[in-house]
Amino acid sequence: SRHQPSMNTPTFSGGLNYQPFAQTTLALSGDRSVETSYFQSQVTRNTGWNATLDQRLFGHFHLTLGASEQKERYIGTQEILVPQDTAIDFTDSDGNPQEITVTTFTVATVPTRRDDRETTYSVRFSVTLFGRLTTAVTYQRLRNRSSAPGFSLRSEQGGLDLGYRF
């Protein structure tokens, strides 16, 4: 509708991989999108980037370092009618002053005030044993800063991955 905020925004997705040496790979990617929100009558405008460094060490080990950032702006899409009263003074046919109130309605979009910024760092150290068994130790640190109360968080996670290839 003509009263809703414009969703006209350039969207993109792209990436670049660079391998300066046989044992080293650098990857960069970025994107921007507009998507429906998990919350009613809202969409999100998302912009993010991701960077990864993968380094093979001593022929069998892999060290992977990652960093990313995602920004989300929540935008309201629900329209409501906003009443506006206007008093009109006039004189009736007997010369007495009179006043009537006329109510008009304006269409407005319900404002949404929320911006999130999520930053993630990760480390993964893996080794392949006997040509088929892969084991890895992982660590990830995430921080989400939100302009709305109750949506900010910090998380640190560690893990152990085991894989077997047939």
Side-chain angles (χ1 to χ4, degrees), residues 1-80 107-166:
S1 145
R2 62 186 167 85
H3 301 285
Q4 291 181 342
S6 172
M7 293 297 112
N8 293 334
T9 185
T11 61
F12 64 86
S13 178
L16 174 67
N17 289 334
Y18 176 61
Q19 190 171 9
F21 310 104
Q23 312 87 332
T24 306
T25 303
L26 297 167
L28 297 172
S29 64
D31 62 77
R32 182 173 179 143
S33 63
V34 175
E35 300 171 358
T36 56
S37 169
Y38 291 114
F39 299 101
Q40 182 178 345
S41 301
Q42 294 180 17
V43 296
T44 58
R45 182 177 292 148
N46 310 305
T47 306
W49 60 265
N50 184 52
T52 305
L53 166 67
D54 185 62
Q55 179 69 50
R56 189 175 71 219
L57 304 167
F58 310 113
H60 297 290
F61 301 98
H62 276 270
L63 176 64
T64 306
L65 305 174
S68 66
E69 182 175 85
Q70 183 77 22
K71 294 178 184 178
E72 291 184 339
R73 169 162 284 173
Y74 289 79
I75 302 166
T77 60
Q78 180 180 7
E79 291 183 338
I80 59 171
V107 177
T109 302
V110 176
T112 300
R113 293 185 179 95
R114 181 173 164 203
D115 290 301
D116 287 5
R117 181 177 175 180
E118 181 179 290
T119 307
T120 305
Y121 301 101
S122 62
V123 177
R124 183 174 196 267
F125 185 76
S126 63
V127 61
T128 301
L129 304 169
F130 314 114
R132 296 183 178 266
L133 177 65
T134 301
T135 182
V137 176
T138 62
Y139 173 77
Q140 177 178 287
R141 181 177 185 184
L142 177 140
R143 181 172 182 198
N144 187 63
R145 292 174 293 263
S146 181
S147 62
F151 290 97
S152 294
L153 69 93
R154 290 177 187 239
S155 170
E156 292 190 38
Q157 300 176 7
L160 177 64
D161 296 342
L162 295 175
Y164 185 78
R165 188 173 49 191
F166 294 97

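Just so it is clear, the values below take in all heavy atoms, side chains as well, and ignore hydrogens, waters and symmetry mates.
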Exercise for review: Compare every heavy atom of Arg114 with every heavy atom of Ser146, then report the nearest pair and how far apart it is.
Suggested key: OG-NE, 3.6 Å
Check your understanding: Side chain of Thr47, backbone of Arg32: donor and acceptor closer than 3.5 Å?
Key -> no
Practice item. Mind running side chain to side chain contact (heavy atoms under 4.5 Å, CB included) on Lys71 and Asn46 for me, showing each step along the way? Key: CA-CA 6 Å; Lys71 294 178 184 178; Asn46 310 305; over 6 Å; no
Point to revise | Pairwise distance CG(Leu142) to OG(Ser68) - rounded to 0.5 angstrom | key: 8.0 Å
Check your understanding: If you measure only the distance, is there a donor-acceptor pair under 3.5 Å linking the side chains of Asp115 and Ser147?
Key -> no
Review point. Looking at residues at least two apart in the chain, or sitting in another chain, which of them share a ring-ring contact (aromatic ring centres under 6.0 Å, His included) with Phe151?
Key: Phe39
**Study point:** Thr52/Leu65 under side chain to side chain contact (heavy atoms under 4.5 Å, CB included): CA gap, chis, key distance, verdict
**Key:** CA-CA 6 Å; Thr52 305; Leu65 305 174; over 6 Å; no
Practice item. Verify the neighbour count for atom CZ of Phe58: are there more than 12 heavy atoms of other residues, nucleotides or ligands below 6.0 Å? Key: no
Study note, to complete from the structure: In this structure, OG1 of Thr134 is separated from CG of Asp161 (nearest 0.5 Å) by 9.5 Å
Check your understanding: Run the side chain to side chain donor-acceptor pair (under 3.5 Å) check on Gln157 and Ser155 step by step: do they pass?
Key -> CA-CA 7 Å; Gln157 300 176 7; Ser155 170; 3.3 Å; yes
Revision key, fill the gap. Value for CZ (Arg145) from CZ (Arg154), rounded to nearest 0.5 Å, stands at 8.0 Å
Check your understanding: Quick one: does NZ or CZ of Arg141 land under 6.0 Å from the six-membered ring centre of Tyr121, within 45 degrees of the ring axis?
Key -> no
Practice item. Any chance you could measure Asp116, atom CG, to Ser152, atom OG, to the nearest 0.5 Å? Key: 7.0 Å
Check your understanding: Considering only heavy atoms from C-beta outward, does the side chain of Arg117 approach that of Glu69 to under 4.5 Å?
Key -> yes
Point to revise | Within 6.0 Å of CZ in Arg73, more than 12 heavy atoms from elsewhere | key: no
Review point. Should Leu28 and Asn50 be marked as a side chain to side chain contact (heavy atoms under 4.5 Å, CB included) after you check the CA-CA gap, both sets of side-chain angles, and the distance that decides it?
Key: CA-CA 6 Å; Leu28 297 172; Asn50 184 52; over 6 Å; no
Check your understanding: Which ring-ring contact (aromatic ring centres under 6.0 Å, His included) pairs, counting each pair once, include a residue from residues 14-36, with sequence neighbours left out?
Key -> none
Practice item. Would you kindly say whether Thr24 and Gln55 are connected by a side-chain donor-acceptor distance under 3.5 Å? Key: yes
Exercise for review: Kindly say whether Glu35 contributes a backbone atom to a donor-acceptor pair with the side chain of Ser33 at under 3.5 angstrom?
Suggested key: no
Review point. Under 4.0 Å between a Lys/Arg side-chain N and an Asp/Glu carboxylate O for Arg45 and Glu72?
Key: no
**Study point:** Under 3.5 Å donor-acceptor, Arg165 side chain and Gly131 backbone
**Key:** yes
Check your understanding: Can Asp54 and Thr25 be counted as having a side-chain donor-acceptor contact under 3.5 angstrom?
Key -> no
Study note, to complete from the structure: Those residues at least two apart in sequence (or on a different chain) that pass ring-ring contact (aromatic ring centres under 6.0 Å, His included) with Phe125 are Phe61
Review point. Atom CZ of Arg56 and atom CG of Leu63: how far apart are they, to the nearest 0.5 Å?
Key: 13.5 Å
Review point. How many angstroms lie between atom CG of Leu133 and atom CG of Leu162, to the nearest 0.5 angstrom?
Key: 6.5 Å
Exercise for review: State, yes or no, whether a side-chain contact exists between His60 and Thr128 at a heavy-atom distance under 4.5 Å.
Suggested key: no
